[in-house]
Amino acid sequence: MNRRKFFRSALGVSAVATLPSFRAFTADTSLGGEIQAVKGSGETTRVERAAVEELRSNLRGRILLPDSDGYEVARRMRNRMIDKRPALIVQCVGAGDVTEAVNFARHYELLTAVRCGGHNVAGKGTCDGGIMIDLSPLQGVRVDPIARTARVAGGSLLGAMDAECQGFGLVTPSGTVSHTGVGGLTLGGGLGRLARQYGLAVDNLNAVDIITADGEFRRASAEENPDLYWAVRGGGGNFGVVTSFEFALHPLAYQVIGGTIMFPFSEAKDLLNFYPDYCEKMSDDMYADPVIFAPPGGAGNMVYFEVCYAGPHRNAERVLEPLRRAGKPIFDGLKAIDYVVLQRSSDDTDPRGTGQYLKSGFTTEISSELVDNLVEHLEPHPERGGMAFFQQCGGAIGRVASDATAFAHRYANHNLTVGSVWTTGIEDTSPHVRWTRDYWGSVEEFTHGFYANDEFAVSPTRAQQNYLGNTERLVAIKNKYDPTNLFRLNSNIRPSLGGG
Ligand SMILES: Cc1cc2nc3c(=O)[nH]c(=O)nc-3n(C[C@H](O)[C@H](O)[C@H](O)COP(=O)(O)OP(=O)(O)OC[C@H]3O[C@@H](n4cnc5c(N)ncnc54)[C@H](O)[C@@H]3O)c2cc1C
């Protein structure tokens, strides 16, 4: 059957029942001519195998069903706590594949997840029983050193982007761990080592190519579809699948001064109380994130700073001296380092790479009461680690108006994250979750709103309100480009046209 005719046909789909929310989905591939799946509404449905085969024949990439080779690897997210099983995974090689997958998902009203780097801590890049549009094969970076722009394919990782841009002595600000996806990080905002100097990732986004829920290819920039351009800069994956990002680039000498400086944990309170004053006097080319960490296994607690100074090397000693003198360092790894090496330096050690449960919120002030609560509640534990860290904002981020893009939290000085981490498999996670919630309970009152990319276990209403004064405008744009809420596995903006 011709695929366009097929998508118009109502015969391929039949609603069956509502899936109880507590039941883990196990895709039943024994239905002969059909596979069982889940709709966005939560109802179960059946999709004809012939339709899946039709889709397969229209793709350059692969379709993975639960019994396919590669399915077990492809379904996994970075957070080992996430254990979901999509009914089918469509591995997209190009924008054409993405269009096919979006049309298929819309036709069957499937619960739809979009995966880039798989880092989303809440596992929004996957789903139980729906379709995963897997962008991991859609990789590539093209730098135009004359125009100072980079075109980055929608499934690329930060490391590839950084390395290619640095090959030309150029950079665009991105996140701090190189295997994070450009897709999720950018669409939610994009905090990182150079954001105080050059703004968020979204502040450097010139344009996107995007397949919206109707399956149409659109370009969004200041000139074309400006409403969509505004919305994707902080509104997450709510509006479609971005197949290509175009970023503005800046010159960056190959080496920055950066790394880790560690102090005895007994100095944690003094250091965290010193830190706000240090930030106050900091130039935009300096970035320092304090971390307090109780590693899994109950080994000694640590306090350290992750630093990146991207200013003139001759000034580095002066800029770093107050930090070095704030305590008695037990390890001082601050040195001249290639930017790409620094960007990879936390890849293996970032505690967020284990099983993890996190809560986060933006802060405008780090009071001594907040510091006391953070330090006093970080208990060592034999099975579980705990941590808290501040990711620095301010600088150029705060000089953009809160309604200039969909990212509204321009007021924030820091993003505070607390969480528990564990290295064992997927066992009973409730003690870890409880620990984080208790820890978070002692500091949440000091925060205001949260980073959409860290959203974990918040109510749909709270998620939507978190767009602050931009919510209403985002709902109107959602109504226009995704009125049935096909793209709902994100920090979701619910359309007001009945698709919620
Ligand atoms: C170890 C670690 C380090 C981190 N460091 C930082 C940091 O320094 N700065 C920072 O800002 N954040 C950071 N984060 C948070 C990060 O921004 C989010 O986890 C983000 O969701 C990751 O994007 P991803 O593409 O890897 O995620 P995925 O799980 O693949 O996708 C998450 C969501 O993004 C959307 N999405 C992804 N790609 C596309 C696309 N091409 N088109 C449309 N929608 C898309 C989808 O809605 C999807 O559900 C970090 C997270 C981890 C785990």
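Counting starts at 1 for both ligands and their atoms, following the listed order.
Set against the non-hydrogen atoms of Thr176, the atoms of ligand 1 under 4.0 Å away are 5 (N), 7 (C), 8 (O). Distances below 4.0 Å separate heavy atoms of Gly175 from the following atoms of ligand 1: 7 (C), 8 (O), 9 (N). The Val241 neighbourhood of ligand 1 comprises atoms 42 (N), 43 (C), with distances under 4.0 Å to a heavy atom of that residue. Close contacts of ligand 1 with Leu187, meaning ligand atoms under 4.0 Å from a residue heavy atom, involve 39 (C), 40 (C), 42 (N), 43 (C), 44 (N), 45 (C). When each atom of ligand 1 is checked for a heavy atom of Gly181 under 4.0 Å away, the hits are 23 (O), 24 (P), 25 (O), 26 (O). Of all atoms in ligand 1, listed by their number and element, those nearer than 4.0 Å to a heavy atom of Asn490 are 47 (O). Atoms of ligand 1 found under 4.0 Å from any heavy atom of Leu489 (numbered from 1 in listed order, with element): 47 (O), 49 (O). Below 4.0 Å from some heavy atom of Leu135 lie the following atoms of ligand 1, by number and element: 40 (C), 41 (N).
When only modelled atom types and interatomic distance are considered, Asn238 and Asn492 share a side-chain donor-acceptor pair under 3.5 Å. Side-chain atoms of Asn470 and Arg473 include no donor-acceptor pair closer than 3.5 Å. Judged by distance alone, the side chains of Asn479 and Ser496 do bring a donor and an acceptor atom under 3.5 Å apart. Donor-acceptor pairing under 3.5 Å is lacking for the side chains of Arg142 and Ser244.
Taking distance alone, with nitrogen or oxygen atoms compared against 3.5 Å, Arg78 stays at or beyond that limit from ligand 1. Taking only nitrogen or oxygen atoms, main chain and side chain alike, Gly118 reaches within less than 3.5 Å of ligand 1. Residue contacts with ligand 1: Leu191 is placed with a nitrogen or oxygen under 3.5 Å of a nitrogen or oxygen of the ligand (distance criterion only).
Not a single heavy atom of His179 lies less than 4.0 angstrom from ligand 1. For the pair Gly190 and ligand 1, a heavy-atom separation below 4.0 Å is found. Ligand 1 has at least one atom lying under 4.0 Å from a heavy atom of Gly240. At least one heavy atom of Arg115 sits less than 4.0 Å from an atom of ligand 1. Assignment of Gly189 to the shell around ligand 1 is not supported, since no heavy atom sits closer than 4.0 Å.
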Please determine whether side chain to side chain contact (heavy atoms under 4.5 Å, CB included) holds for the pair Lys478 and Phe239, giving the CA-CA distance in whole Å, both sets of side-chain angles, and the decisive distance to 0.1 Å.
CA-CA 6 Å; Lys478 182 80 173 176; Phe239 307 96; 4.1 Å; yes
Take His250 and Gln197 through the side chain to side chain contact (heavy atoms under 4.5 Å, CB included) test and state the conclusion after the steps.
CA-CA 10 Å; His250 309 272; Gln197 192 170 11; over 6 Å; no
TODO: Determine, step by step, whether Phe487 and Thr112 satisfy the side chain to side chain contact (heavy atoms under 4.5 Å, CB included) criterion, reporting the C-alpha distance in whole Å, the side-chain angles of both residues, the deciding distance to 0.1 Å, and the verdict.
DONE: CA-CA 6 Å; Phe487 301 111; Thr112 301; 4.3 Å; yes
| request: Could you walk me through whether Glu246 and Thr172 pass side chain to side chain contact (heavy atoms under 4.5 Å, CB included), step by step? | output: CA-CA 10 Å; Glu246 186 189 299; Thr172 196; over 6 Å; no
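Within the set Thr243, Leu185, Asp347, the minimum heavy-atom distance to atom 6 (C) of ligand 1 is found for Leu185. Across Gly184, Gly155, Gly117, Cys127, heavy-atom proximity to atom 34 (O) of ligand 1 is greatest for Gly184. Considering Met132, His119, Lys124, Met77 only, the shortest heavy-atom separation from atom 51 (C) of ligand 1 involves His119.
When the options Tyr357, Trp440, Tyr451 are evaluated for a ring-ring contact (aromatic ring centres under 6.0 Å, His included) with Phe456, the one that passes is Tyr357.
In terms of modelled atom types and a separation under 3.5 Å, the side chain of Tyr339 and the main chain of Val171 share no donor-acceptor contact. Judged purely by atom type and a 3.5 angstrom limit, Ser156 uses its side chain to pair as donor or acceptor with the backbone of Gly140. Under the 3.5 Å distance criterion, the side-chain polar atoms of Asp134 are left unmatched by any main-chain donor or acceptor of Ile89.
For Gln391, every heavy-atom contact with ligand 1 shorter than 4.0 Å involves the side chain, none the backbone. Residue contacts with ligand 1, taken as heavy atom pairs separated by less than 4.0 Å, involve Val242 via backbone and side-chain atoms alike. Counting heavy atoms closer than 4.0 Å to ligand 1, residue Phe487 contributes nothing at all.
Cation-pi geometry between Arg233 and Tyr229 is met: the NZ or CZ atom falls under 6.0 Å from the ring centre, inside 45° of the normal.
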